[in-house]
There are 2 protein chains.
Amino acid sequence: MRLTRAGEYAVRCVLHLAKQEPDALVSRQTIADQCRIPPHFLAKIAQQLAKAGIIEIMQGTRGGYRLIRRPAEVSLLEVIEAIIGEIFLNDCVIRPETCQASPDCAVHRVWVRARDELRRVLGSVSFEDLVREESCCLVRFPLSPPA
Amino acid sequence: MRLTRAGEYAVRCVLHLAKQEPDALVSRQTIADQCRIPPHFLAKIAQQLAKAGIIEIMQGTRGGYRLIRRPAEVSLLEVIEAIIGEIFLNDCVIRPETCQASPDCAVHRVWVRARDELRRVLGSVSFEDLVREESCCLVRFPLSPPA
DNA sequence: GTAAAATTGGACAGAAAAAGTCTCATTTCT
DNA sequence: AGAAATGAGACTTTTTCTGTCCAATTTTAC
Ligand code: SF4
Ligand code: SF4
């Protein structure tokens with residue numbers, strides 16, 4: 001019952017892009033270094049983010065990644081689900097047919113509620129919010145290695 | 001980001017016990033059959049539930065499991081966490097030292113909020129609630145095989 | 001007391017998912 | 001054309017989950 005590492009990396013990556021000037025292009029290596037992500041792993045994650053329409057990938061010598069939507073329009077939920085798929089918490093929430101009790105199961109209904117609530121919380125936070133909240137002091141604790 | 005099978009089984013097991021008369025003793029085999037749980041797997045789950053003080057295990061010929069607390073006093077959260085451990089969603093929520101950014105990370109704070117909210121939802125439901133909500137119609141859809 | 005019937009506790013194996021690595025192909029800039 | 005970057009997917013390793021097995025223990029029944 002937890003976020004995968006890939007999901008966490010995706011959030012870091014998008015947050016990093018959201019902190020730059022709009023439409024800034026940042027190389028994969030730079031992001032990997034600053035966000036502590038294995039570069040090749042980041043490549044796979046970026047491909048999924050691109051497929052989801054969140055970032056754009058530029059190839060070539062001066063290539064890299066670019067956020068193609070305004071940070072205010074990208075929610076935490078969206079980035080996470082682009083990587084780990086839709087959050088459902090318990091199988092029966094998304095595939096009721098796997099348990100014949102589901103139509104009348106009170107537990108099932110609780111899971112549906114819990115899932116909705118969790119998605120609501122994550123969906124209510126945009127990357128603009130995150131950047132604004134961090135800008136005050138993150139400078140003191142960069143993710144990049146001290147030296 | 002989902003409940004493990006063991007967690008789901010634990011909930012079924014406790015719910016089954018909660019449906020019986022108070023202090024009823026039900027054999028492992030009966031629970032395994034009716035709740036569709038591999039019997040030996042159930043044994044391990046029951047051990048954890050017993051350690052958590054939720055059920056009591058009786059050995060011997062007429063042995064089995066018994067709920068030792070009133071259904072109203074057992075929450076869904078408690079049973080789940082007895083099996084899968086405390087819910088934290090993202091590593092840094094429970095072990096901030098794993099990410100040096102945590103003291104100033106806005107994302108971290110969202111995860112803390114999301115975790116609290118999820119635990120609140122699951123913690124607000126007791127097995128008494130679940131039994132009451134189900135009793136109206138579950139009879140038509142027993143978990144046990146049709147024949 | 002002994003046998004039968006049930007569970008215990010831990011070891012163990014198989015399966016599945018996650019995490020990370022590697023390589024060759026492709027693209028772009030110079 | 002060559003250098004420098006990413007693309008795409010195969011591959012390996014690690015971790016977690018799921019389930020099984022068996023000797024030991026406990027209780028009941030005779
Ligand atoms: S018993 Fe209820 S909560 Fe469990 S899998 Fe079936 S429908 Fe879902
Ligand atoms: S970057 Fe923030 S959310 Fe991600 S692990 Fe670090 S503290 Fe947690």
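In the text below, chain A, chain B and the rest are named by the order of the sequence lines, each starting its count at 1.
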- Output all residues satisfying side-chain contact (heavy atoms from CB on, under 4.5 Å) with B:Arg120, sequence neighbours left out; order by chain, then residue number. B:Glu117
- Note on the structure: 5'-most contact on DNA chain D (nearest-nucleotide basis), A:Gln47 vs A:Arg2, goes to A:Gln47
- Task: Run through the side-chain heavy atoms of Ile, Leu, Val, Met, Phe, Trp and Tyr, join any pair under 4.5 Å, and report what else lands in A:Met58's cluster.
- Result: A:Leu25
- Message: Same cluster or not: A:Val79 versus A:Leu77, using hydrophobic residues (I, L, V, M, F, W, Y) connected whenever any side-chain heavy atoms lie under 4.5 Å apart?
- Response: yes
- Task: Verify, without hydrogens or angle tests, whether B:Asp129 (side chain) and B:Ser126 (backbone) share a donor-acceptor contact under 3.5 angstrom.
- Result: yes
- Task: Going 5' to 3' through nucleotides 20-30 of chain D, assign each nucleotide B (protein heavy atom under 4.0 Å from a base atom), S (under 4.0 Å only from sugar-phosphate atoms) or - (no protein heavy atom that close).
- Result: BBB--BBBB--
- Scan residues 51-65 of chain B for pairs that pass side-chain hydrogen bond (donor to acceptor under 3.5 Å, both in side chains), counting only residues two or more places apart or in two chains. B:Glu56-B:Arg66
- Query: Hey, does A:Ala6 reach any base, or is it just sugar-phosphate, or nothing, if we go heavy atoms under 4.0 Å?
  - Reply: sugar-phosphate
- Qualifying residues under side chain to side chain donor-acceptor pair (under 3.5 Å), relative to B:Arg109, sequence neighbours excluded: A:Glu133
- Message: If the cut-off is 4.0 Å, is B:Tyr9 near the phosphate of D:dG19, judged by side-chain N/O to OP1 or OP2?
- Response: yes
- Which other residues belong to the hydrophobic cluster containing B:Ile68, where Ile, Leu, Val, Met, Phe, Trp and Tyr are joined when side-chain heavy atoms lie under 4.5 Å apart, directly or via other members? none
- Span of DNA chain C in contact with chain A (heavy atoms, under 4.0 Å): C:dA19 to C:dC29
- Would you mind reading off the distance between A:Gln48 atom CD and D:dA8 atom C1', rounded to a whole angstrom? 12 Å
- Can you name the residues that form a side chain to side chain donor-acceptor pair (under 3.5 Å) with A:Gln29, not counting sequence neighbours? A:Asp33
- Query: So what does A:Gln29 hit on the nucleic acid, given a heavy-atom distance under 4.0 Å: a base, only sugar-phosphate, or nothing?
  - Reply: sugar-phosphate
- Those residues that, when tested against A:Gln47, pass side chain to side chain donor-acceptor pair (under 3.5 Å) (two or more places apart): none
- Task: Rounded off to whole Å, could you give me the CD1-to-P distance for the B:Ile83 and D:dC17 pair?
- Result: 12 Å
- First encountered from the 5' end of DNA chain C, between B:Tyr65 and A:Leu3: B:Tyr65
- Could you list the residues that satisfy side chain to side chain donor-acceptor pair (under 3.5 Å) with A:Arg115, not counting sequence neighbours? A:Glu86
- Item | Side-chain N,O (B:Thr4) to OP1/OP2 (D:dT18) below 4.0 Å | yes
- Query: Rounding to a whole Å, what distance do you find between A:Arg66:CZ and D:dA5:P?
  - Reply: 17 Å
- Report which part of the nucleic acid B:Arg28 touches: base, sugar-phosphate, or nothing (heavy-atom distance under 4.0 Å, all strands). base
- Task: Please name all residues satisfying ring-ring contact (aromatic ring centres under 6.0 Å, His included) with B:Phe88, sequence neighbours left out, ordered by chain then number.
- Result: none
- Message: Below 4.0 angstrom, which residues in residues 86-94 of chain A have at least one non-hydrogen atom near DNA chain D?
- Response: none
